[in-house]
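Okay, structure first, notes after.
Both counts, for ligands and for their atoms, begin at 1 and track the order of listing. Hydrogens, waters and symmetry mates are skipped; everything else that's a heavy atom, side chains included, is used.
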Amino acid sequence: MAARAFRDDFVWGTASSAYQIEGAVDVDGKGPSIWDVFVQEEGRIHENRDATVACEFYTRYKDDIRLMKECGMKAYRFSLNWTRILPEGIGRVNEKGIEFYNNVIDELIKNDIEPYITLFHWEFPYALHKKGGWLNDDVVDWFAEYAALVADRFSDRVNKFITINEPQCFIGLGYLKGCNAPGLSCLNADLFQMAHNALKAHGKAVQAIRAHAKQPVEVGFAPTGQISFPETLKPEDIEATRKHLFSCPEGLGNWTWNLAWWMDPVLLGKYPEDGMRMYEKYLPNFTPEDMKLISQPLDFLGQNIYNGEMIRAGKDKPWEIITKCAGFPKTSMNWPVAYECLYWGPKFISERYNHIPIYITENGMACHDTISLDGKVHDPNRIDFLARYLMRLKDAVADGVDVRGYFQWAFTDNFEWAEGYNERFGLVYVDFPTQKRIVKDSAAWYRHVIETNGKEL
Ligand code: BGC
């Protein structure tokens, strides 16, 4: 067993996405994305909110980055809003948008915070959506054009890039369930085609970033998925859990919500066999060239981990999902607090995918945070949550899993997609009517974790 310690250069950071914080959705030449259009429809977002203002990061980025520095952050994972720099998604470049991200990058570097750029965190250009979006095979080239531009303009100062955030969610919630933009419920065959195109777009973007990079860069991918963890350490429970984690869902109503369909093609060059069998009649033709494109070698795997299911070996089936106990601990999103995920997730993923370096690119919790009479925001539940999850991550490191960094989601409270402003994930409280920031207790706690490289966990 390795020492129970994070590596000396462990990357401690926080994360966000463009649409959730920037505001300024139609200023300085920005083009519309599917989210800008979606939020305008009555009833789509909790309380009919939108992200026109969000956290005003577009104008407050200097203050927020200073606050990040004060909170001890070493790295910041943020996404670019595709239509801020390419208003129609391809073609004409909006220099004002480039200038904004240049300013953000420069400000981060000035504050010794390393930028990690995500290219796509769900704001698909509306102009390209009207041309068929992910269903149009040209999306692979559209995304590669955008990726090349990003590398051309930003890779002189940034060397960590993540192509796509959570394909499970943007395809599953946006095109299958329809609760996220663009609010569609597509046919199965179309969904599998979109998913395949998204993976090809990822592969071509990896090539484009490398080809246009101004310095050696590291490129990764940030999928998510529910993590399975075993009830006991009995070998049969562990094996059943491993199988469950990488199995594809039988029902088509929820098929996007799994790891293997998205990660096997990228990291192993093939789709999982159980999914190939179950979904056969809906699948497009997967050519060897496609699979080669999709499986471009990656420098790291980003993994967003929030929760999961407890599993035991089944009596007459491969596994059994254990029903949660009455009153089980949960976040304000009603997601179970399942800290075992941050041990078993990285461990199983590392084993299956040839010990690729892993970053936890998102983890955190939504709480019912409020400003107390003393004017502060006390969030003991978040501290407890983060401590439990990080302790288990440290155990994974001790067991030899190559975990390079951890990005807490999120730095500030923000626009939580269809939940609007109903859910607060931040280390920093945002009083939305005044835009005042209040550093929560958890931020001070996390700062100490960072300063001590997690020694006390
Ligand atoms: C997404 C974030 C989101 C967070 C909490 C992740 O699925 O990448 O954009 O805010 O979870 O729901």
Check ligand 1 for close polar pairs with the protein: N or O on both sides, less than 3.5 Å.
from	atom 1	to	atom 2	distance (Å)
ligand 1	7 (O)	Glu166	OE1	2.5
ligand 1	7 (O)	Glu166	OE2	3.0
ligand 1	8 (O)	His121	NE2	3.1
ligand 1	8 (O)	Asn165	ND2	2.9
ligand 1	8 (O)	Glu166	OE1	3.4
ligand 1	8 (O)	Glu362	OE1	3.1
ligand 1	8 (O)	Glu362	OE2	2.8
ligand 1	9 (O)	Gln20	OE1	2.8
ligand 1	9 (O)	His121	NE2	2.8
ligand 1	9 (O)	Trp417	NE1	2.8
ligand 1	10 (O)	Gln20	NE2	2.9
ligand 1	10 (O)	Trp409	NE1	3.2
ligand 1	10 (O)	Glu416	OE1	2.6
ligand 1	11 (O)	Tyr306	OH	3.4
ligand 1	11 (O)	Glu362	OE1	3.4
ligand 1	12 (O)	Glu416	OE2	2.6

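A salt bridge links Arg7 to Asp402: at least one charged side-chain nitrogen sits closer than 4.0 Å to a carboxylate oxygen.
Of the possible polar contacts, none joining the Asn307 side chain to the Val337 backbone as a donor-acceptor pair under 3.5 Å is found.
Between Phe407 and Tyr359, the ring-plane angle classifies as tilted under the 30° and 60° cut-offs.
Both the sub-6.0 Å distance and the 45° axial angle are not jointly satisfied by Arg437 relative to the ring of Tyr429. A cation-pi arrangement is present between Arg84 and Phe100 under the rule of less than 6.0 angstrom and at most 45 degrees off the ring axis.
In the displayed structure, Tyr339 atom OH is contacted under 6.0 Å by at most 12 heavy atoms of other residues, nucleotides or ligands.
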